[in-house]
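Note that the numbering runs from 1 along the sequence shown for the chain.
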Amino acid sequence: DLFDLIDSRLEWMQDVAAFKHANDRPVEDLEREKVVIDKTLEQAALAGVDPDSAQLFFEAQIEAAKEIQSCWIERWTEDQTSVPESYADLTTEVRPALLDLGGQILETLSDQPPVSTASQADFLDTVNVECLSDDSRAELFDSLTKMRHAQ
Ligand SMILES: O=C(O)C(=O)C[C@]1(C(=O)O)C=C[C@@H](O)C=C1
C-alpha cells in the first residue's frame, strides 16, 4: 500500500544516520540527491506519473529524510551509550533499497486515483516514523495529494 511504502522509505533513515554518524559523514549529500531526483524523473516517466509533481513530492521525502537523520544524530551525540552497534551499509544496501522503494511508490500511485485530502488521518496513522516532526508529515502529505498522473 502506498502509505506503507512511504513509511518504509523513511524507516530506513535511522540506518542511514547510524552509518553517517559512524563514518563521520554529513547528513546532506547534494550529489546523491541529484541521483535520486534524476532516477525519480525516469521512474515517473515509466510509471506515467506527472514528473514535476513527482519531483516536488520526492524533494519533500528527502527533506523529511534529513530531518529524521539529524534528529537521531543529535540524540546519539547527547547520549553516546545509545549509538547503534550495527546498521545496514549505505552504498550496497540502503541506497539501492531507497531507489527501489521510489519506483514502487510511483507505480502504486499511478495504479490508483490521486491521493485525496480525505485520507489524511490514514496517512498520519501509517507514516509515523520516530524523529519526523508533525510539520514535515503535513508537508509530505500535502505534496503527496498534489501528485498527478501524466497527461
Ligand atoms: O542517500 C543518502 O545519503 C540519504 O541520506 C538519503 C537521501 C534521500 O532521501 O534519498 C536523503 C538525504 C541526502 O541528502 C541524500 C539522499
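Connection of Val35 to Ile62 is not established within any shared hydrophobic cluster, with ILVMFWY side chains joined at heavy-atom distances below 4.5 Å, either directly or through further cluster members. Leu109 and Leu46 are members of different hydrophobic clusters when ILVMFWY side chains are connected at heavy-atom separations under 4.5 Å.
In this structure, Leu106 and Ala54 approach most closely via the heavy-atom pair CD2-CB, 4.0 Å. Considering all non-hydrogen atoms of both residues, Phe57 and Met147 come closest at CD2-CE, 3.3 Å. When all heavy atoms of Thr91 and Pro96 are compared, the closest pair comes out as O-CD, 3.3 Å. Across all their heavy atoms, Val27 and Ser70 have their closest contact at CG2-OG, 3.9 Å. The two residues Tyr87 and Ala22 make their nearest non-hydrogen contact at OH-CB, 3.1 Å. Between Ile68 and Glu130, the shortest heavy-atom contact is CG2-O, 3.8 Å.
At distances below 3.5 Å, at least one donor-acceptor pair connects side-chain atoms of Asn23 with backbone N or O atoms of Phe19. Judged by distance alone, with hydrogens and angles left aside, the side-chain atoms of Gln43 form a donor-acceptor pair with the main-chain N or O of Leu99 at under 3.5 Å. Looking at Ser53, its side chain does come within 3.5 Å of a backbone N or O of Arg148 through a donor-acceptor pair. When atom types are taken as modelled, the side chain of Ser133 and the backbone of Ser136 share a donor-acceptor pair closer than 3.5 angstrom.
Rounding to the nearest 0.5 angstrom, the gap separating the CH2 atom in Trp72 from the CG atom in Asp15 is 10.5 Å. Separating the CZ atom in Arg95 from the CZ atom in Arg32 is a distance of 5.0 Å, to the nearest 0.5 Å. The CG atom of Asp142 sits 10.5 Å away from the CG atom of Leu56 when rounded to the nearest 0.5 Å. We find the CD-OG1 distance between Gln112 and Thr108 to be 7.0 Å, quoted to the nearest 0.5 Å. Put simply, CG on Leu10 and CD on Glu67 are 10.0 Å apart, with the number rounded to the nearest 0.5 Å. Between atom CD of residue Gln55 and atom OG1 of residue Thr40 there is a gap of 8.0 Å, rounded to the nearest 0.5 Å.
The aromatic rings of Phe141 and Phe3 stand perpendicular to each other, their planes meeting at an angle above 60°, with 30° marking the opposite boundary.
Glu33 has its side chain within reach of Glu28: a pair of non-hydrogen atoms, C-beta onward, lies under 4.5 Å apart. Between Gln61 and Arg9 there is a side-chain heavy-atom pair separated by less than 4.5 Å. Counting heavy atoms from C-beta on, the side chains of Trp12 and Leu98 come closer than 4.5 Å. The shortest distance between side-chain heavy atoms of Leu90 and Arg25 falls below 4.5 Å. Two residues are said to be in side-chain contact when any heavy atoms from C-beta on lie closer than 4.5 Å; Arg137 and Asp134 meet this criterion. Counting heavy atoms from C-beta outward, Val129 and Met13 have side chains that stay 4.5 Å or more apart. Looking only at side-chain heavy atoms (C-beta outward), Val94 and Asp89 stay at 4.5 Å or farther from each other.
Looking at Lys39 and Glu42, a side-chain N of the basic residue comes within less than 4.0 Å of a carboxylate O on the acidic one, giving a salt bridge. Salt-bridge formation is detected for the pair Lys66/Glu63: a Lys NZ or Arg NE/NH1/NH2 atom is positioned less than 4.0 Å from an Asp or Glu carboxylate oxygen. Between Arg75 and Asp79 no salt bridge is recorded (no basic side-chain N to carboxylate O distance below 4.0 Å).
Taking a 6.0 Å sphere around CD of Glu93, one finds it holds more than 12 heavy atoms contributed by other residues, nucleotides or ligands.
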